[in-house]
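Structure record follows, encoded as structure tokens.
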Amino acid sequence: EVQVLESGGGLAQPGGSLRLSCAASGFTFSDYAMNWVRQGPEKGLEWVSGISAGGANLYYADSVRGRFTVSRDNSRNILYLQMNSLRAEDTALYYCAKRFGSCLSAVCPNFDYWGPGTLVTVSS
Amino acid sequence: QSALTQPPSASGSPGQSVTISCTGSSSDVGGYNYVSWFQQHPGKAPKVMIYEVNKRPSGVPDRFSGSKSGNTASLIVSGLQPEDEADYYCSSYAGSNNLLFGGGTKLTVL
């Protein structure tokens, strides 16, 4: 059974850092691009970042570029999101999502499995 | 880039059909056949219902279908069921390795 499970969320101060993890199982992790999507309180979905299957290609939304870094460890089947210089507007539930199918980019919206999310709250 | 535009709400009675629109531009919806629709029930993770404009993953009822005309994509739900009541989000590849979501539509089954 395919599973993805996020962890690492919590309370951070403005300007602080957090590292999110997403543990994957039930599929060959190294074969699939992965993405992070967030959802603010009572808000819609927002794409945050994507990474190619091998980890060589990294992609970011303008709102997080230069502050967030996506990475993956294909030997341990884990996806990461290092979040620095956090702002109040980064407060959200963060989902990791597995991309499926062929696509011209790691960030095409072909997401078949999502985790339950991990909550990040940025507040003083 | 701005989010894709969806109506905030839609509704229909059981058995009826409802269409939810998703309007973008020639740089996203109109430029690529990579439009997906996600269903999200309260407190749950999103679930893909349609991908690549009109493809349906296995397990999704054939009451759900998708289409695109110009810069506007549509999700059609026919034969509405009570369990279809949820939030629906469209998403489109927007070029230059960027991805956009719509603001979401709350579908109410009357």
Side-chain angles (χ1 to χ4, degrees), chain A residues 1-6 9 22 24 32-53 56-65 70 92-119, chain B residues 1-9 20 22 24 27-29 31-60 66 68 73 75 86-106:
Chain A
E1 180 190 5
V2 172
Q3 285 192 325
V4 291
L5 182 63
E6 306 89 345
C22 171
Y32 293 91
M34 299 291 293
N35 283 257
W36 289 97
V37 176
R38 68 185 181 185
Q39 186 167 32
E42 305 300 321
K43 292 186 179 179
L45 301 171
E46 180 189 13
W47 174 73
V48 173
S49 180
I51 184 169
S52 58
N57 298 306
L58 315 178
Y59 309 105
Y60 302 96
D62 289 344
S63 58
V64 307
R65 185 175 292 113
V70 63
L93 186 64
Y94 283 73
Y95 295 102
C96 71
K98 170 184 168 290
R99 207 209 74 192
F100 71 98
S102 62
C103 185
L104 51 75
S105 169
V107 304
C108 286
N110 294 10
F111 302 145
D112 56 351
Y113 287 94
W114 300 59
T118 187
L119 184 62
Chain B
Q1 282 176 293
S2 302
L4 306 174
T5 300
Q6 296 181 234
S9 63
I20 299 173
C22 171
S27 298
D28 37 70
V29 174
Y32 304 94
N33 287 325
Y34 289 105
V35 177
S36 294
W37 288 91
F38 298 94
Q39 177 192 66
Q40 187 179 36
H41 286 111
K44 300 294 187 182
K47 173 187 176 183
V48 63
M49 306 302 284
I50 296 289
Y51 69 100
E52 292 177 16
V53 176
N54 56 15
K55 298 179 181 178
R56 199 170 43 248
S58 60
V60 172
K68 189 182 82 167
L75 174 71
D87 293 328
Y88 290 84
Y89 293 91
C90 63
S91 181
S92 174
Y93 181 68
S96 301
N97 297 300
N98 190 28
L99 185 66
L100 294 177
F101 280 94
T105 298
K106 182 177 181 62

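Throughout, a chain's letter reflects where its sequence line sits, starting with A, and its residues are numbered from 1.
Between B/V29 and B/K68, the shortest heavy-atom contact is O-NZ, 2.9 Å. Scanning both residues, B/G95 and B/Y32, for their nearest heavy atoms gives CA-OH, 3.4 Å. Of all heavy-atom pairs spanning A/Y95 and A/E6, the tightest one is CA-OE2, 3.3 Å. Considering every non-hydrogen atom in both A/Y59 and A/S49, the closest pair reads O-OG, 2.8 Å.
Residue contact with chain B, scored on non-hydrogen atoms closer than 4.5 Å, involves the side chain of A/F100 exclusively. Residue B/Y34 touches chain A through both its backbone and its side chain, counting heavy-atom pairs closer than 4.5 Å. With a threshold of 4.5 angstrom between heavy atoms, A/F111 approaches chain B through its backbone and through its side chain. Of the two parts of A/L104, the backbone and the side chain both hold a non-hydrogen atom closer than 4.5 Å to a non-hydrogen atom of chain B. Using a 4.5 Å cut-off between heavy atoms, B/K55 makes no contact with chain A at all. Of the atoms belonging to A/S102, it is backbone heavy atoms, and not side-chain ones, that fall under 4.5 Å from chain B. Contact of B/S96 with chain A is not made at all, since no heavy-atom distance falls under 4.5 Å.
Of the listed residues (B/S91, B/G43, B/G103), the one with the most heavy-atom contacts under 4.5 Å to chain A is B/S91. Between chain B and the residues A/C103, A/P109, A/G44, the most heavy-atom pairs under 4.5 angstrom are made by A/P109.
Within the 4.5 Å cutoff, side-chain heavy atoms of A/S105 are placed close to those of B/Y93. B/L100 places none of its side-chain heavy atoms less than 4.5 Å from the side chain of A/W47.
A cation-pi geometry, defined here as NZ or CZ lying under 6.0 Å from the six-membered ring centre and within 45° of its normal, holds between A/K98 and A/Y32.
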